[in-house]
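All figures in this text were calculated on a predicted structure; none of them were measured in a lab. All ligand and atom numbering here is 1-based and tracks the order in the structure.
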Amino acid sequence: MTNNIYDLTRKTDDVVIVGGGLAGLFCALKLAPRPVTLISAAPLGEGASSAWAQGGIAASVAEGDSAEAHAADTIAVGGGIVDEEIALGLAREAGARIDDLLHYGVPFDRDLEGRLAVGREAAHSARRIVHVRGDMAGKAIIAALTEAVRKTPSIRVIEGFVAESLMTEDGAVTGLQLRNAHDATARPVIIASRAVVLATGGIGHLYAVTTNPQEASGLGLAIAARAGAVIADPEFVQFHPTAIMVGRDPAPLATEALRGEGATLINNLGERFMQKAHPLAELAPRDIVARGVFAEIAAGRGAFLDAREALGTRFAEKFPTVYASCFAAGLDPATQPIPIAPAAHYHMGGIAVDAHGRSSLKGLWAGGEVSSTGAHGANRLASNSLLEAVVFAARIAEDIAGQEIEAAASPPSVLVVPRNGALPTLAEKKLRAMMSSHVGVIRDGDRLAEAVRSFAAIEHDAGSIALRNMATTALLVAAAAWSRRESRGAHYRSDYPAEKPLLAHRTMTTLAAAHEIAETLEIREPRTTQPMIA
Ligand SMILES: Cc1cc2nc3c(=O)[nH]c(=O)nc-3n(C[C@H](O)[C@H](O)[C@H](O)COP(=O)(O)OP(=O)(O)OC[C@H]3O[C@@H](n4cnc5c(N)ncnc54)[C@H](O)[C@@H]3O)c2cc1C
């Protein structure tokens, strides 16, 4: 049945890990020498947010810092719904995981005395970001782990396959349905396993403007939800305020350090709009700046990052990466304002997991951005996501190592009739545009309801499994955002701008609950327009 170079139908008691980013690679290495099959949609090193991380990993390894202080900072930015025990555990295990990464060959920067060099980032009360060659952390970490994985004989790597369905029997996982990533019309293949770890990353690519790679389109979340797994906090999406709008997808980032150097935010009338929004103006917290930028664009006045006065001719030398992104688009940031927009950057929500990374389905674990551990609450502290990926990947490996995993006798039969086509680009484009306009930085009940109805219709009528899975995740985000009638952390509702103490709890939901919301909204106000299927 296979039409590829891999034998995907062999009888196996392998642990199957889906995702070749930090969470997936680290979990596979930690499980060695136990046999593991690691599946990645893109070749290792590509198509993973991990490789793009510029800051680094938060770890309280410097003298005078402590895990308690790190946890307190994490809790302070999380909008009142961080799981405090999880946050403390994360901070306490950071040092050991950094040691592991050093052991796998990650060349973290050191100071003159040979100690790990630590940098400072927004909302951290101490210098605690370990990094590599300034802003190369992600690339260096993924390069070292990829090399270690390729040298580990117990890890079988399958690249270029997308997991599109999870198979279950009586609430326990029995296998995965995969499809060749380069041929959407190819027949699906089944891989049998009773221990599946989803490490598929985030959902940024569901939005028209994002910093995430194309592979981060919420497929892992969708397949878990469709198999009945509980999903936590899907409404909480963090937006980066200053993505550069030069027609690239994903959008390159204009680092926050530019504003630190005095660059201002202006509209097309040349007015500084953040001054009236917050006393700290351009240096206000990320959410507030993102909302200011969004509002200006929505009002038709556009938004620009203006570094002409602050940096001028020093721009290219001080910010070579940003300069190169602008230059390639024919823009000279030394003399011209840079067009910007907020971009979907990180998903706090995901597959609900416990302290071992176990989901609500037997045999299904989730780690990294696709999971929701409760560590970030309603907003993420900078550089905590790579930390969470390694801490939970190690915990998952430990949990699996302590269990007898039954061999999956034979591959279960194909779950989905292979009715499939290439991803209809028009429908995908419309879905992503609606996520940005209706489920983005500033939300309201009417537009969220419209989004819920549209995504439910796309999901129902989709002629491609990839589009259906994108719509499933979009629906979960929109339905939870519609249900949360308050503003908290990264979730802002213009019709409910205040935080409500009674709602200071995490969301635990399912796809069935999202469908119920969609049905209720459909009855209240039936759709008059055609669903947006190409
Ligand atoms: C530009 C940028 C900068 C960032 N900077 C930082 C930072 O400095 N510090 C920090 O802590 N965090 C940072 N983050 C966030 C952080 O990078 C991510 O949260 C983290 O890397 C997620 O790791 P992961 O292993 O869960 O997912 P990823 O690294 O995204 O890996 C997901 C993997 O799953 C594969 N995949 C996806 N779907 C499927 C499927 N259906 N089937 C098969 N394979 C699939 C992908 O190809 C990929 O291999 C940044 C993010 C971005 C986008």
Which residue and heavy atom of the protein sit nearest [atom], plus the separation:
atom	value
atom 39 (C) of ligand 1	Thr200 CG2, 3.6 Å
atom 49 (O) of ligand 1	Gly20 N, 2.9 Å
atom 26 (O) of ligand 1	Glu369 N, 2.9 Å
atom 27 (O) of ligand 1	Gly201 CA, 3.3 Å
atom 21 (O) of ligand 1	Ser50 OG, 2.8 Å
atom 17 (O) of ligand 1	Ser49 O, 3.5 Å
atom 7 (C) of ligand 1	Ala53 CB, 3.6 Å
atom 31 (O) of ligand 1	Gly21 CA, 3.3 Å

Step-by-step side chain to side chain contact (heavy atoms under 4.5 Å, CB included) determination, Arg226 to Arg468: CA-CA 10 Å; Arg226 297 187 71 82; Arg468 185 202 65 189; 3.3 Å; yes
Trace of the side chain to side chain contact (heavy atoms under 4.5 Å, CB included) decision for Glu256 with His240: CA-CA 9 Å; Glu256 277 163 348; His240 194 288; 4.3 Å; yes
Contact summary for Pro43 and Glu159, nearest pair of heavy atoms: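 Minimum heavy-atom separation between Pro43 and Glu159: CA-OE2, 3.4 Å.
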Closest heavy-atom pair and its distance - Ala251, Ile244: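 Closest pair (atom of Ala251, atom of Ile244, distance): CB-O, 3.8 Å.
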Heavy-atom contacts with [X] under 4.0 Å: which atoms of ligand 1 show up? List them by number with element.
X	value
Ala199	32 (C), 33 (C), 34 (O)
Gly368	26 (O)
Phe161	42 (N), 43 (C)
Glu215	37 (C), 38 (N), 46 (C), 47 (O)
Arg380	10 (C), 12 (N), 13 (C), 14 (N), 15 (C)
Gln54	5 (N), 8 (O)
Trp52	1 (C), 2 (C), 3 (C)
Asn384	11 (O)

For ligand 1, is there an N or O atom under 3.5 Å from any N or O atom of [X]?
X	value
Val18	no
Glu121	no
Gly19	no
Ala41	yes
Tyr346	no
Gly47	yes
Leu387	no
Glu46	no
Ala48	no

Expected output: side-chain [X] to main-chain [Y] donor-acceptor under 3.5 Å:
X	Y	answer
Thr210	Gly204	yes
Asp111	Ala117	no
Ser193	Ala195	yes
Glu369	Tyr346	no
Arg259	Glu282	yes
Asp233	Thr507	yes

Verdict with supporting geometry, Leu44 and Arg150, side chain to side chain contact (heavy atoms under 4.5 Å, CB included): CA-CA 10 Å; Leu44 296 189; Arg150 296 222 191 270; 3.6 Å; yes
Check: Phe294 ring centre within less than 6.0 Å of Phe239 ring centre: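 No.
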Using a strict threshold of under 4.0 Å (side-chain N to carboxylate O), is an ion pair present between [Y] and [X]?
X	Y	result
Glu121	Arg127	no
Glu164	Arg179	yes
Glu93	Arg395	yes

Looking at non-hydrogen atoms alone, which of [options] comes nearest to [atom]?
atom	options	value
atom 53 (C) of ligand 1	Ile39, Thr210, Ile57, Asn212	Asn212
atom 9 (N) of ligand 1	Ser385, Gly56, Ala393	Gly56
atom 25 (O) of ligand 1	Ala23, Pro213, Ala382	Ala23

Whether over 12 other heavy atoms sit under 6.0 Å from Glu85 CD: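 12 or below, so no.
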Phe327, CZ atom: more than 12 neighbouring heavy atoms under 6.0 Å: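 12 or below, so no.
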At a 4.0 Å cut-off, with the gap strictly under it, does some heavy atom of [X] reach an atom of ligand 1?
X	answer
Ala216	no
Gly220	no
His345	yes
His205	no

Test side chain to side chain contact (heavy atoms under 4.5 Å, CB included) applied to Arg432 and His205, step by step: CA-CA 8 Å; Arg432 295 181 66 199; His205 210 77; 3.3 Å; yes
Under-4.0 Å heavy-atom contact with ligand 1, by part of Leu219 that carries it: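 Within the 4.0 Å criterion, Leu219 contacts ligand 1 through side-chain atoms alone.
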Separation of Ile223 CD1 from Ile351 CD1 (nearest 0.5 Å):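 Answer for the CD1-CD1 pair, Ile351 versus Ile223, is 7.5 Å.
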